[in-house]
Amino acid sequence: MAIDRVSLISFLEFGKVLGEKTLVKNINLLDAGRILRVDDNGVDLRLGFRYGNAITTSRSLEELEEQFVNTAFQAFNEYVNALRKINALVIVPLSAGVDSRFVLSMLHILNYKNVITVTYGLKDVEYPIAKKVAETLGYENIFIEYTWDLLRKYLDQMLNYMVWASQLYVVPNIQEFVSTSEIFIKFCHGDIKKCSSIVFMTGDISDIIAGKASPIKLLKLQSLEEFLNFILSKHSLFKLHDEKRTSCKKLLLNSVKETMLYIANSKTINFTKIYEIFHWKEIPFKFISSSRLPYIFTGFKFITPLWDGRLVRFLSSIPWEFKYKNNFYRNVLRKYLFKPLGIDFEDPMKKPWKMVKAVGPLIKVVSLLIPIEIAEFYEKYLRRSTRNPYGFDVFFPRIFALAYKLSKDVPAHDREIIDIVNSFMKRTPQDVNAFIALTSLSLIARELLLH
């Protein structure tokens, strides 16, 4: 098995391998929206779902709002009916954001009562709002506080999980690994057969699909070169040297060209739509599927209703002036669900100072466990950050740094891989995913490539 060098660079650059490639030469990923069918007639690869091909232009904002509500009820009603047939205990991972609140609201309106909500992380950040939402709707809320002792409890399993979950094209998403492991112990006592009726229902949705991220800057772009630079500036985890950036840019260009071919028959091609589809093929398809791996690892069933094709197809068809400028998704949820149900609370993650206040005192503890450069970086990053990247809190860099230190004694069998990892370690990462990318790459090298 040989590693593709350019794919490796893009893995470190973005936390994922761009396009349909993986870290291994000549092995490609099944792309978003495609179906692989194998039968007596051989192998057939076909398009199963097309994102963003139908644009709704003739309807008013009110008509679109009504259609979205009707589409949501149609989809959720089918899921709830299926859950009733098996009398499932539904576990909803509940944050303070709108997506998981959307899911819980629909369960409440459809009168599904066998529900428990779970919130995890730091106690003073999302938990207070999540608890208020759950209590207002009449559901129990279990809080799992992420402390160093709790993470240390699962450190060995976490490292094994990161290798298992690497998938060779995207960094492992370990955000819910600890909370899922805790639920597995609490409800199943270590035996998944005792939890055969538990179903997780998650609030996964892409900010781009839902229209929660503005494309205003995209409207000013004039060329493909500007578009590539926009993606690099927005999604890059590292400040690359020119040589590495050139290699990565070629792979990015190929991925964007694949996206442009995908919408070649569309009458309205613009950078906003190209970015939407590129984002759908790259970010949600890879990271959302990755974030559900803790459930598969432990054996839990799960449903991702906001990833239902009917909802995605509808949201991708809304004209951008409604979707982004009028904040369509959030406003519909507030108008038809949150306000009537009395749960229109403000998301505390929109106020970054709260997150900084909660994690600031932990910096000194972190500096005792990881290299001082990383501790100093995190202190600077947290104090200027406008968001909590990917929902990770300050404890996670310790795990990544410790895991990386554990893997530094890997024999330098493949010198090129080790050299690339070391060269990236000397640059300042711009996001938490950089830590995961480096750690998982080191573990993959040890477990898969060097044995």
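As the structure is a prediction and not an experimental result, all values here were calculated from the model.
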Checklist entry - Looking only at atom types and distance, does a side-chain atom of S291 sit under 3.5 Å from a main-chain N or O of I288, one as donor and one as acceptor? => result yes
Item to check | Under the salt bridge (Lys or Arg N to Asp or Glu O under 4.0 Å) test, residues paired with R310 that sit two or more places apart | outcome: E78, D308
Next on the checklist: According to side chain to side chain donor-acceptor pair (under 3.5 Å), does anything in residues 22-38 pair up with another residue at least two apart or in another chain? List the pairs.
Outcome noted: D31-K281
Next on the checklist: Please check this pair: side chain of E126 against backbone of A96, looking for a donor-acceptor N/O pair closer than 3.5 Å.
Outcome noted: yes
Next on the checklist: Applying side-chain hydrogen bond (donor to acceptor under 3.5 Å, both in side chains), can you list everything that pairs with K212, at least two apart in sequence or on another chain?
Outcome noted: D99, D207
Checklist entry - Less than 6.0 Å separating the ring centroids of F102 and F76? => result yes
Next on the checklist: Under a 3.5 Å distance rule, please check whether E145 uses its side chain to pair with a backbone N or O of Y120 as donor and acceptor.
Outcome noted: no
Checklist entry - What pairs with D44 under side-chain hydrogen bond (donor to acceptor under 3.5 Å, both in side chains), at least two apart in sequence or on another chain? => result R46
Checklist entry - Can you list the residues that meet the side-chain contact (heavy atoms from CB on, under 4.5 Å) rule with S7, with sequence neighbours excluded? => result D4, V17, K21
Item to check | Residue list, salt bridge (Lys or Arg N to Asp or Glu O under 4.0 Å) with E20, at least two apart or on another chain | outcome: none
Checklist entry - Are the aromatic rings of F271 and F230 close, with centres under 6.0 Å apart? => result no
Next on the checklist: If the condition is salt bridge (Lys or Arg N to Asp or Glu O under 4.0 Å), which residues does E66 pass it with, not counting sequence neighbours?
Outcome noted: none
Checklist entry - By side-chain contact (heavy atoms from CB on, under 4.5 Å), which residues pair with V199, not counting sequence neighbours? => result L83, I86, A88, K301, I303
Checklist entry - Given the rule in the side-chain contact (heavy atoms from CB on, under 4.5 Å) test, do I208 and Y324 qualify, once you have shown the distances and angles that lead to the verdict? => result CA-CA 9 Å; I208 297 296; Y324 299 105; 4.0 Å; yes
Checklist entry - Are the side chain of T180 and the backbone of F177 linked by a donor-acceptor contact shorter than 3.5 Å? => result no
Checklist outcome for this item: Hits for side-chain contact (heavy atoms from CB on, under 4.5 Å) against L341, two or more places apart or cross-chain, chain-then-number order -> S105, H108, I109, L137, I343
Checklist entry - For N327, what residues pass the side-chain hydrogen bond (donor to acceptor under 3.5 Å, both in side chains) criterion, not counting sequence neighbours? => result none
Checklist entry - With sequence neighbours left out, which residue pairs that include part of residues 219-231 fulfil the salt bridge (Lys or Arg N to Asp or Glu O under 4.0 Å) condition? => result E225-K249
Item to check | Set of residues satisfying side-chain hydrogen bond (donor to acceptor under 3.5 Å, both in side chains) with respect to K323, sequence neighbours excluded | outcome: E276
